[in-house]
Student: 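Encoded as structure tokens, here's the structure I'll be asking about.
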Amino acid sequence: MGSRASTLLREEEIEEIKKETGFSHSQITRLYSRFTSLDKGENGTLSREDFQRIPELAINPLGDRIINAFFPEGEDQVNFRGFMRTLAHFRPIEDSEKNKNTSTSEPLNSRTNKLLFAFRLYDLDRDDKISRDELLQVLRMMVGVNISDEQLGSIADRTIQEADTNGDSSISFNEFIKVLEKVDVEQKMSIRFLH
Amino acid sequence: SSSSSSDSDEESLSEGEMAALKEEVEEKKKLVATLRNKPWRMKRRLILLEAQEFIEKFEGALGKGKGKKLYAFKVMMTKKFIKFKRDFENFKTAFIPWEGKIKEVEHFGSSVASYFIFLRWMYGLNLVLFGFMFGLVVLPEILMGLPYGSIPRKTVPRQEQAKAMDFSVLFDFGGYCKYSFLFYGYYDHKRTIGVLQFRLPLSYLLVGVGIFGYSLMVVIRMARNSNEGGDGADEGEFTFSWKMFTSWDYLIGNPETADNKYASITTSFKESIVDEQENQKDENIHLRRFLRVLANVLILCSLGGSGYLIYFVVKRSQEFADMDNDELSWFEKNEVEFVMSLLGLVCPPLFETIAELEDYHPRIALKWQLGRIFALFLGNLYTFLFALFDEVNAKLESEKTIKNATEWALKEYRSNYSSYFNTTDVPPPDVHPADVIRGPCWETAVGIEFVKLIVSDIQVNYLTILIGDFLRAVIVRFLNYCWCWDLEAGFPSYGEFDISGNVLGLIFNQGMIMGAFYAPGLVGLNVLRLLCSMYYQCWAVMACNVPHERVFKASRSNNFYMGLLLLVLFLSLLPVVYTIMTLSPSFDCGPFGQEKMYDVVMETIEQDLPSFIGDIFGYATNPGLIMPAVLLMRLAIYYLNAVSKGYQQANIDLKKKMQTDEEKNRRNNTDSTNQVMKDLEDLLPDKSLILPPTAETKSPKMKPGAAANGKGVNLQKDVSLAASNPRGVVTRAPGPRSQPPGNARGPKPGQGRGRGGGRPPRQ
């Protein structure tokens, strides 16, 4: 597995990716082999259909949005660098990094950046706020037609009521962070490498 | 630095780490080599041992020196072992029975699935109990004991033999059933049986009591486990937000599982909605209180009524027993069980309708309902047992007379024989076992009652599901085409799965199994019953029921049902223990021939175990010793209780501390790193030893002379230099050196990210 994949990936590239994302050498080669197994067209890039082939993503109500997060604005193909850049958000936080303070440039996998990734899945229009309509869309996707519209509306209102602290009837990023304060985001939003 | 590098001990190292490690090892080697030349005290040189260990440990990792092959081998074996463990875990989960079925049922909501998980757990428990009973009591008797027909207790009496094979008799557990290994009466009271000298009576007693002990232990263990999973942060604050953002399980890849997950998310939202609605209702206190009191009075009346009914019916059954069997209709013969099952069927809905008066929050109403059903079942069981007790006493009386008669007959026979043949050596009377006069074996009678009770319980349960759910669903579905109103939406519509009723039924069933002391076959029967129930109820739920409209769990954790189970087990233990201790066993049936059943234990102690153990037991049962022991146990309970409370308090305090620490960290960046540095400082054995390597890595460009100078000068210098670097050396590749080497002597702010940042430079 390892040796065949890394012949296609040059050492300098690995070094660059390492610097950019913080993954270790073995982790990068592992992810590269996953990338190539997804890349059915063998042209070094992934399209949206390639991602749809992953069953867990296809079933996920937010699957399309997650896939979109991999593709930069307006493009339809993503190469390995782009792939790694997005996956960098999911790098596990090592114990040695846990006590680091939040100074100027945070690593891509800090808790705040993980939460920002999740936030962007909900905030489609990128106005840094999750509005009631966006919540309704997500609810509709999660629940289908089993709950009536007005009940969904009241769920959305209740959610905003719980989270909103500055009274603008939408959830800003800081409020989002506060809501998920007690959730173990570092562990849930991390790739579990097996060794 | 060995303390900090020990975390990355046996794992595979990345290249950067390997390089850093290499440097460390080189430095230590150099140190060791040059140690002799240094004018240090002995104490310092002894620290060398540490350095030596470090080299040996890590040289292997770097592929040099003696340790290389061994280290590589160890690493490979560890990896293989981890992989093997993982595969084995996956393999094991494939063996969990009914996992697929339960996942299907989860579509109905987690409560229904939790009922089936509970059922599965019960099945496991009963399987173990069955193993004990079967392996240690039934099997030895069958294999090594006397066969059927050899002694009186194992033979059907002559009067009954004509009918012994009839289905109706067998169905009532008379005839051949009664005189088989299923019941107490079959077992022989010889002290040891077979080639292996297996002590059956002792085994019987110990297994009978051990079954209780095991059940109690297992339930307590379950209760403890379920407690650990539950408590964490308080759930109340962000219920809806969490449900919204974190309820999806991203590891689901199977479409069916995804459907189940969608359904359970829906149910969970509905639950929360109803919860919210309930919290906002208004109250009118006085009317409410009056209604509640009224409801409780009504329910007490009905409980009393049902208890009296049972007593009355059992008394009547005793009268029937005196009459000839043929004249009784089926109904009269099975009146007791019929009435008890009927009560169990009718009263809970009655309680529910009365409870409408009370108008509680659904969760609280559910708890009250469960409590009342509990009281109902308990009352019924105990009334039944009391009524049975009268019967047992009556049998004991008649037994005495029969026993006297038998002894007298034997004496007569002996005296006749010896006077006729003029010898003293009298052979036993040559009577066919079926003709011997028998005492009424009260234990078997009690066993039969228990078995009949459980069988009728099973019958009623299955019939209810068949009629109440299946037939109803069929009628609603097909009659709907030609009926005036909409059967599906209005009355009667499809049934809902009554979780609490079913769980209670299961719990009480387990309580009644404790009658297995008098009927060893009962446990096997129960295992079969649970197996069938699993499939039958799974099918019934999926085919005939609809998910609940209002969804509520009785409690957040499983502990409620576990506590109930514990209580029921304990309460059903009491009658059996009472009978063991006070009543004397029948003289001609069952494994106990002594005055009291527990005498068999005494006998074993006296005869089989060495004499001093008998003495020990004698002393131990002295009241003078038992009272202090009881006192000690109470003190121990009190102490453990206090300790556990202390731990809980400490837990809360620690949580608070963690929160305040986190906040402090966020506010005050530099302070946190200082704390970390301080901790590291404290860990270092002797800081001066670390200085030379530090100076070298920090400033490889320095001339050797300057390095030596640095070493020589910094030995007496402040410690902060050492403290600022240990992690940097081992865990990270050397970062960009922003300061010229000369400044290595004193730490400056901004020297490296987070390294001794806020401290004033000390010279």
Side-chain angles (χ1 to χ4, degrees), chain A residues 15 18 23-27 54-63 66 94-96 99-104 118-119 121-122 130 135 138-139 141-147 151-152 154-164 171 175-176 178-185 188-189 194-195, chain B residues 4 7-8 11-17 78-79 82-83 86 232-235 237-255 257-259 261-263 265-267 269-270 272-273 276 659 662 665-666 668-673 675-676 727 731-732 753-754 757:
Chain A
E15 280 304 312
K18 203 164 160 185
F23 282 114
S24 73
H25 191 111
S26 60
Q27 290 171 337
I54 305 174
E56 283 84 354
L57 271 185
I59 285 183
N60 198 319
L62 295 178
I66 298 177
E94 276 131 46
D95 286 328
S96 59
N99 286 329
K100 285 246 165 9
N101 51 349
T102 57
S103 66
T104 48
F119 187 77
L121 290 180
Y122 297 101
I130 303 179
L135 278 183
V138 173
L139 273 174
M141 288 196 294
M142 281 209 302
V143 148
V145 292
N146 292 332
I147 301 189
Q151 278 186 327
L152 281 185
S154 43
I155 294 176
D157 287 329
R158 188 76 175 75
T159 312
I160 293 186
Q161 189 190 33
E162 276 176 359
D164 196 14
I171 306 182
E175 289 156 1
F176 188 73
K178 185 90 178 41
V179 166
L180 294 180
E181 201 178 16
K182 296 224 177 92
V183 175
D184 187 4
V185 172
K188 287 188 197 260
M189 281 185 74
L194 294 172
H195 44 259
Chain B
S4 55
D7 351 47
S8 50
E11 297 162 9
S12 59
L13 306 167
S14 67
E15 276 184 6
E17 291 164 2
T78 324
K79 278 196 193 161
I82 292 178
K83 183 169 191 312
R86 222 181 320 125
D234 55 291
E235 302 178 352
E237 235 189 304
F238 290 114
T239 350
F240 278 93
S241 312
W242 281 11
K243 282 205 162 79
M244 178 100 170
F245 293 125
T246 61
S247 53
W248 182 258
D249 179 4
Y250 284 81
L251 294 177
I252 295 180
N254 179 357
T257 324
D259 285 340
K261 189 66 181 171
Y262 278 119
I265 291 181
T266 315
T267 345
F269 268 118
K270 283 191 184 165
S272 299
I273 293 177
E276 280 294 306
Q659 282 181 355
E662 264 179 36
N665 268 352
R666 278 192 224 126
N668 216 346
N669 297 329
T670 51
D671 279 347
S672 74
T673 44
Q675 186 55 35
V676 169
R727 283 163 82 211
T731 61
R732 295 166 86 211
R753 213 185 293 158

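First the proteins, then the strands, lettered A, B, ... as listed; each starts at 1. All values reported here derive from a predicted model rather than from experimental measurement.
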Student: Between A:I147, A:I155, A:V183, A:V143, which has the largest tally of heavy atom pairs under 4.5 Å with chain B?
Tutor: A:I155
Student: Quick check: closest heavy atoms across B:F240 and A:R158, and the distance to 0.1 Å?
Tutor: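 Looking at all heavy atoms of both residues, the shortest contact is CD1-CG, 3.4 Å.
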Student: Do you know which two heavy atoms are closest between B:F269 and A:L139, and how far apart they sit?
Tutor: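 Closest pair (atom of B:F269, atom of A:L139, distance): CZ-CD2, 3.6 Å.
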Student: Check step by step if side-chain contact (heavy atoms from CB on, under 4.5 Å) holds for A:L121 and B:F245.
Tutor: CA-CA 11 Å; A:L121 290 180; B:F245 293 125; over 6 Å; no
Student: For a 4.5 angstrom cut-off between non-hydrogen side-chain atoms, does A:K182 reach B:W242?
Tutor: yes
Student: Go through the atoms of B:T246 and report whether side chain, backbone, both or neither lie under 4.5 Å from a heavy atom of chain A.
Tutor: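 For B:T246, side-chain heavy atoms alone lie under 4.5 Å from chain A.
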Student: Can you tell which of A:E162, A:Q161, A:E175 makes a side-chain contact (heavy atoms from CB on, under 4.5 Å) with B:S241?
Tutor: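 Between B:S241 and the candidates, side-chain contact (heavy atoms from CB on, under 4.5 Å) is satisfied uniquely by A:E162.
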Student: Quick one: pull up CE in A:M142 and NZ in B:K243 and give me the separation to the nearest 0.5 Å.
Tutor: 10.5 Å
Student: Heavy-atom distance under 4.5 Å to chain B: side chain of A:I171, backbone, both or neither?
Tutor: side chain
Student: Which atoms of A:L152 come close to chain B, meaning under 4.5 Å heavy atom to heavy atom: side chain ones, backbone ones, both, or neither?
Tutor: neither
Student: So which part of A:I160 gets closer than 4.5 Å to some heavy atom of chain B, the side chain, the backbone, both or neither?
Tutor: neither
Student: Against chain B, label A:I66 side chain, backbone, both or neither, depending on which of its atoms sit under 4.5 Å from a heavy atom there.
Tutor: side chain
Student: Measure A:M189 against the heavy atoms of chain B and call it side chain, backbone, both or neither at under 4.5 Å.
Tutor: neither
Student: Excluding sequence neighbours, so at least two apart, what forms ring-ring contact (aromatic ring centres under 6.0 Å, His included) with A:F119?
Tutor: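 ring-ring contact (aromatic ring centres under 6.0 Å, His included) list for A:F119, sorted by chain: A:F173, A:F176.
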